[in-house]
Amino acid sequence: MALTATIPPAAAQRSLPLVRDAETEALMRDYAAPIFDVAGIARSQVDIILVNKTDFNAFVADARRIFINIGVILDAETPGEVIGVLAHETGHITGNHLVRMRQALANAQLMAALGILLGAGAVAAGASAGSSSAVQGGAGALTAGAGLAQRTLLAYRRGEESVADRAAITFLEKTGQSAKGMLKTFSRFADQALFSAKYTDPYAQSHPMPRERLNALETLAKRSRYYNKPAPTALQARHDMVRAKLLAFTSHPNVVARAYPSSDRSLAAEYARAVVSMRTRSRRTSVKMIDALISRQPDNPYFYELKGQALLESGNPKAAIAPFRKALSLRPREAQFMIWLGFALVASNDKARLGEAEKILKAGLRIDPNSPIGYSQLAIAHGRQGETAEADLATARGLMARGDFRGAKRYATRARKKLKRGTPAWLQADDIVSYKPPKLPGRS
């Protein structure tokens, strides 16, 4: 699918419902690129990973990954609101906050443990002396230790968030961008503090925004000469298109119809209606609607991707090959387009196309090694050519990409027995068999 659910292999991601979409990912990379540049982070160092949840949340798992819910994009009316979140999370990365948070957590746990030990000692001493007041005092120390640890940790988090705020403002200033969107986002979370946590977004709870911190942020933001500078028109248009697409793929058609009524003839509205048509009606109707989009923007690769998806899912993979080829010609380095094209070639059931399918799928997986769909189609291509060991290895790698380590080891073991020892394929199988998942890291 143009919006494809998947689970990459890293252990930190196994419990998250992730989603892949070339258009949205490209937009997020373009939002983050200037921020990374001024922050001194290589653009290739950090992946921005989409989480298939519609509430507002984002966090860093380590120095290489920013997770962002699609709800952040759906809620943001302007690019600046998303860019502000990415700038803030980049501030956590440059401040090395995840490592420091782990240390702060360890210190807090130590403080709590000391309180418990001291309290337990007082309880024991009071009991042996027959003193009820000493027992009560010791019991108080038990809870005081945990309370002090919690207050210390929360104080650390408040300081950490303020540092990330200031870093984000600096990044936006250096890139000539307004912090107004960031301020709008955080103002919302300051307001949410007035309500029950049951109704607040996770981002508000993990990134608390006291009113005094918001006031300090507002003062810094409004000092900038770029404060009233709007996002470039082309960037706003891309933002609107991605929001429409995400809403159409993830919401009930009635929700989409209210957001984009038939009277709305904007390109974003037409995009949303074409996606809904593809999901709910005749594929023939949706293809006509997508062709209308293409007539308005003939060089938009994502319209051809959507057309290919509509044809593929309607059971016409041969017809899907051409639009996927066109999409790839417009964005030759887009791995997801390569994988879509390989999928259509395999699904065409034409043996003459299997060699090309294998080649294009491998090219896509070299760029994007976390595509379960790519590996599953590569396994089919190998299997149909009688290459059972290679098919088992591709299946194992696909299961790794889904986070199914047990299944991956089973297929890799089978592949390793058939492959020549010491070859690259054998080494890949051996690596999977020997793999031990790391512990899940904490969130920031």
Side-chain angles (χ1 to χ4, degrees), residues 4 6-14 18 20 22 25 29 42-47 49 61-65 321 324-325 328 331-439:
T4 309
T6 184
I7 301 292
Q13 303 168 24
R14 279 183 290 159
L18 305 185
R20 302 300 308 277
E25 290 175 11
R29 287 194 299 270
R43 295 185 183 187
S44 60
Q45 175 184 323
V46 180
D47 292 326
I49 299 171
D62 50 36
R64 300 189 65 85
R65 287 167 294 180
I321 293 172
F324 285 139
R325 283 197 197 281
L328 187 58
R331 283 188 68 92
R333 291 285 298 167
E334 179 50 65
Q336 292 184 56
F337 291 173
M338 296 178 190
I339 289 166
W340 274 124
L341 177 56
F343 192 159
L345 290 167
V346 170
S348 70
N349 286 321
D350 184 347
K351 288 186 177 181
R353 289 183 165 132
L354 289 174
E356 182 188 2
E358 180 184 335
K359 181 180 179 181
I360 197 72
L361 287 166
K362 286 181 176 178
L365 290 167
R366 279 194 295 272
I367 299 171
D368 182 359
N370 293 329
S371 172
I373 290 177
Y375 289 117
S376 66
Q377 295 306 308
L378 181 59
I380 294 171
H382 279 306
R384 290 181 181 174
Q385 295 176 91
E387 300 163 350
T388 57
E390 289 80 0
D392 285 340
L393 177 58
T395 300
R397 294 180 69 187
L399 291 170
M400 284 289 288
R402 293 184 186 277
D404 182 358
F405 303 131
R406 182 177 299 178
K409 287 176 183 288
R410 185 169 63 250
Y411 275 93
T413 299
R414 200 161 79 181
R416 190 174 60 173
K417 292 178 180 176
K418 305 172 191 173
L419 293 166
K420 184 177 180 181
R421 187 179 185 88
T423 61
W426 185 92
L427 291 171
Q428 288 177 359
D430 188 60
D431 285 345
I432 293 172
V433 172
S434 305
Y435 179 75
K436 292 182 180 180
K439 293 182 180 180

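No hydrogens, no waters, no symmetry mates; every other heavy atom, side chains included, goes into these values.
For Lys418, the side chain to side chain donor-acceptor pair (under 3.5 Å) test picks out Asp392, with sequence neighbours left out.
Remark: side-chain polar atoms of Asp47 are not paired, donor with acceptor, to backbone N or O of Ile49 under 3.5 angstrom. No donor-acceptor pair closer than 3.5 Å links the side chain of Gln377 to the backbone N or O of Ile339.
Smallest separation of non-hydrogen atoms from Ala415 and Ala389: CB-O, 3.6 Å. Minimum heavy-atom separation, Ala335 to Gly364: CB-O, 3.4 Å. Across every non-hydrogen atom of Ala396 and Ala412, the tightest pair is CB-N, 3.6 Å. For the residue pair Ala344 and Ile321, the shortest heavy atom distance occurs at CB-CG1, 3.8 Å. The two residues Met400 and Ala408 make their nearest non-hydrogen contact at CG-CB, 3.4 Å. In terms of heavy atoms, Gly342 sits closest to Ile360 at CA-CG2, 3.5 Å.
For the pair Arg325 and Glu356, the salt-bridge criterion is met [side-chain N within less than 4.0 Å of a carboxylate O]. With salt bridges taken as basic N to acidic carboxylate O contacts below 4.0 Å, one links Asp430 and Arg416.
Taking CH2 from Trp426 and CG from Leu419, the interatomic distance works out to 9.5 Å, rounded to the nearest 0.5 Å. With rounding to the nearest 0.5 angstrom, the CZ atom of Arg333 is 11.5 Å from the CG atom of Asp368. Distance CH2/Trp340 to CG/Leu345: 13.0 Å, rounded to 0.5 Å. Remark: Tyr411 OH to Leu399 CG distance equals 7.0 Å, nearest 0.5 Å. Remark: Met338 CE to Lys359 NZ distance equals 11.0 Å, nearest 0.5 Å. Residue Leu341 holds its CG atom at 8.0 Å from CG of Leu361, rounded to the nearest 0.5 Å.
Here the side chains of Arg397 and Gln428 are in contact, with some heavy-atom distance below 4.5 Å. Residues Arg64 and Val46 are not in side-chain contact: their nearest non-hydrogen atoms beyond the backbone lie 4.5 Å or more apart. When side chains are defined from C-beta on, Val346 counts as touching Arg384, because their heavy atoms get closer than 4.5 Å. Looking at heavy atoms from C-beta onward, Thr395 lies out of side-chain contact with Ser376 at the 4.5 angstrom threshold. Residues Tyr375 and Pro369 have side chains in contact (heavy-atom distance under 4.5 Å, counting atoms from C-beta outward). Two residues are said to be in side-chain contact when any heavy atoms from C-beta on lie closer than 4.5 Å; Leu354 and Glu358 fail this criterion. Side chains of Thr413 and Lys417 form a contact here, defined as non-hydrogen atoms less than 4.5 Å apart.
A donor-acceptor pair shorter than 3.5 Å cannot be found between the side chains of Gln385 and Glu390. A side-chain N or O of His382 and one of Glu387 form a donor-acceptor pair less than 3.5 Å apart. Between the side chains of Arg20 and Asn370, no donor N or O sits under 3.5 Å from an acceptor N or O.
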>> Test side chain to side chain contact (heavy atoms under 4.5 Å, CB included) on Leu378 and Lys362; report intermediate values, then the result.
In response: CA-CA 8 Å; Leu378 181 59; Lys362 286 181 176 178; 4.1 Å; yes
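Close placement of the Tyr435 and Phe405 rings is indicated, their centers lying within 6.0 Å of each other.
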